[in-house]
Amino acid sequence: MSLSKSTAQLFSFEFFPPKSAEGASHLVSVQQQLAALKPEFFSVTFGAGGSTRDKTYETVLKIQQTGIAAAPHLSCVAATQDSIKEILHAYQDHAISKIVALRGDLPSGMMSTGQFRYANELVEFIRQQTGDFFDIHVAAYPEIHPQAVNAVQDFNNFKRKVDAGANAAITQYFYNAESYFYFRDQCEKHGITIPIVPGIMPITNYSQLFRFSDMCGADIPRWLRKRLECFGDDKAAIGEFGIEVVSQLCQRLLENGAPGLHFYTMNQASATLAICNNLLGSER
Ligand SMILES: Cc1cc2nc3c(=O)[nH]c(=O)nc-3n(C[C@H](O)[C@H](O)[C@H](O)COP(=O)(O)OP(=O)(O)OC[C@H]3O[C@@H](n4cnc5c(N)ncnc54)[C@H](O)[C@@H]3O)c2cc1C
């Protein structure tokens with residue numbers, strides 16, 4: 001295949017902050033393997049309601065020291081303006097200039113949203129406080145956010161984030177390429193010109209994928225679900241099939257103008273590496 005862009009910086013990779021010393025050393029090894037693909041950045045998630053705030057920060061600083069740009073996720077639900085200001089300034093002090101700005105979800109049992117209700121308010125606040133310092137990425141939902149009132153309002157709400165100053169969007173993962181192409185066409189129609197980067201979830205584990213997809217509203221097409229069901233507990237077969245299917249999806253996205261790919265790695269290197277190497281195969 002011929003890639004429309006230099007292979008360097010075609011990819012970005014998402015991690016969650018490790019919970020243990022063992023997890024931390026595993027993540028270092030994962031990062032070293034993925035660094036070979038010359039990613040644009042590594043991003044680090046932010047636990048619901050700020051539960052991983054310190055660990056996200058520590059992980060981001062460690063990544064930045066390796067010479068690859070690190071992008072912390074920052075969710076505003078349950079946050080105060082002061083707590084967001086504090087963390088933004090801490091990132092500025094360390095020259096961390098990319099950020100993934102999100103509303104996030106309230107942890108179960110927590111009732112109050114805090115001083116921010118939606119991600120567009122966070123983007124606006126970041127711009128007010130720090131001007132153009134941050135390169136702000138926001139979330140996009142080609143298959144519609146699960147809590148959206150309807151598809152039109154969800155799109156209008158996405159546009160609010162762009163109007164507030166987002167520089168790029170990363171989508172929720174999907175396996176229906178058409179949903180991405182339709183979303184991108186809608187953006188074009190509404191004058192949205194920021195890059196819309198597909199979020200890619202490698203398929204490695206059947207039950208985990210079904211659980212996640214139920215929660216975040218990602219559709220698993222019938223043909224894919226039915227085929228995955230046939231593999232039962234055979235993880236090796238699921239892995240092999242997943243690499244084939246997701247490589248084909250990624251290839252189609254790139255051939256049709258996707259500006260890059262953002263991988264939800266789940267802190268594992270092998271499936272993501274295999275997919276990226278399939279994509280780059282004929283380039284090397
Ligand atoms: C790339 C990516 C990374 C993510 N990283 C994390 C992470 O690190 N930590 C985490 O906890 N979660 C993460 N999530 C999940 C995300 O936090 C949830 O999907 C959350 O429910 C919505 O966040 P958002 O920023 O998209 O919210 P918003 O854009 O605020 O949208 C949330 C809902 O509110 C509606 N809405 C938005 N604005 C308005 C408005 N002004 N008025 C009325 N309705 C509105 C939207 O239609 C939507 O239904 C990530 C998702 C993606 C796609």
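Numbering of ligands and ligand atoms starts at 1, following listing order.
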### Short N or O distance, H73 and ligand 1, threshold 3.5 Å exclusive
yes
*asked:* Is there a side chain to side chain contact (heavy atoms under 4.5 Å, CB included) between Y264 and Q172? Walk through the geometry before answering.
replied: CA-CA 10 Å; Y264 299 106; Q172 184 55 277; 4.2 Å; yes
re atom 53 (C) of ligand 1, the protein heavy-atom contact at minimum distance is A139 CB, 3.5 Å
Any heavy atom of E121 under 4.0 Å from ligand 1? The part involved is neither
Quick note, salt bridge (Lys or Arg N to Asp or Glu O under 4.0 Å) partners involving residues 152-181, not counting sequence neighbours, are K159-D163, E178-R252
Taking atom CZ as the centre, does F210 end up with more than 12 heavy-atom neighbours from other residues, nucleotides or ligands that are less than 6.0 angstrom away?
yes
Original post:
Can you find a protein heavy atom closer to atom 31 (O) of ligand 1 than 4.0 Å?
Top reply: no
query: Is the closest N or O pair between Q153 and ligand 1 shorter than 3.5 Å?
result: no
Legend entry - Contact (N/O only, under 3.5 Å) between F46 and ligand 1: yes
re atom 46 (C) of ligand 1, the protein heavy-atom contact at minimum distance is D154 OD1, 3.4 Å
Spell out, as yes or no, whether a donor-acceptor pair under 3.5 Å connects the side chain of E143 to the backbone of A218. no
Taking only non-hydrogen atoms of T45 and a 4.0 Å limit, the atoms of ligand 1 in range are 8 (O)
Of S75, G104, A169, the one whose closest heavy atom lies nearest atom 17 (O) of ligand 1 is G104
min-distance protein heavy atom vs atom 13 (C) of ligand 1 -> L102 CD1, 3.9 Å
Checking the N or O distance criterion of under 3.5 Å, is ligand 1 in contact with A101? no
shortest atom 36 (N) of ligand 1-to-protein heavy-atom contact is with N157 ND2, 3.2 Å
Does a side-chain heavy-atom distance below 4.5 Å link Y57 with H94? yes
Nearest non-hydrogen protein atom to atom 2 (C) of ligand 1, with distance, is Y264 OH, 3.7 Å
Discussion item. Evaluate D105 for polar contact with ligand 1, using N/O atom pairs at a separation under 3.5 Å.
Written reply: yes
* Examine distances only and state if a side-chain atom of T171 and a backbone atom of Y141 form a donor-acceptor pair shorter than 3.5 Å. => no
Does atom CD of E188 have more than 12 heavy-atom neighbours, drawn from other residues, nucleotides or ligands, at distances under 6.0 Å? no
For Y141, is the nearest heavy atom under 4.0 Å from an atom of ligand 1?
-> yes
Same apolar cluster: F16 and I63, side chain cutoff 4.5 Å: no
Looking only at N/O atoms, are K161 and ligand 1 under 3.5 Å apart anywhere?
-> yes
Counting from 1 in the order shown, the ligand 1 atoms closer than 4.0 Å to a non-hydrogen atom of Q147 are 49 (O)
_Geometry only, no angles: is Q172 polar-contacting ligand 1 at N/O separations under 3.5 Å?_
no
Residue, atom and distance of the protein heavy atom nearest atom 48 (C) of ligand 1 read H145 ND1, 3.3 Å
Quick note, salt bridge (Lys or Arg N to Asp or Glu O under 4.0 Å) partners involving residues 52-65, not counting sequence neighbours, are R53-E86
protein heavy-atom neighbour closest to atom 40 (C) of ligand 1 works out as Y118 CD1, 3.3 Å
A student checking ligand 1 against A148 at a 4.0 Å heavy-atom cut-off should list atoms 49 (O)
Looking at ligand 1, does any of its N/O atoms fall within less than 3.5 Å of an N/O of T171? no
Donor-acceptor pair between H262 and S12 side chains, under 3.5 angstrom
yes
hydrophobic_cluster_shared for L10 and Y173, side chain cutoff 4.5 Å: yes
Here the atoms of ligand 1 under 4.0 Å from any heavy atom belonging to R160 are 40 (C), 41 (N)
Note: heavy atom closest to atom 41 (N) of ligand 1, options V44, N120, V149, belongs to N120
**Any donor-acceptor N/O pair, T56 side chain to T45 backbone, under 3.5 Å** = yes
Contact region, R103 to ligand 1, non-hydrogen atoms below 4.0 Å, reads both
Examine R117 against ligand 1 and note whether any of their N/O atoms are separated by less than 3.5 Å. no
Q) Is the F158-H190 ring centre distance short of 6.0 angstrom? A) no
### Task
Answer yes or no: are there more than 12 heavy-atom neighbours, outside D233 itself, under 6.0 Å from its atom CG?
no
Query raised in the report: Just wondering, are more than 12 heavy atoms of other shown residues or ligands nearer than 6.0 Å to CD in Q92?
Result: yes
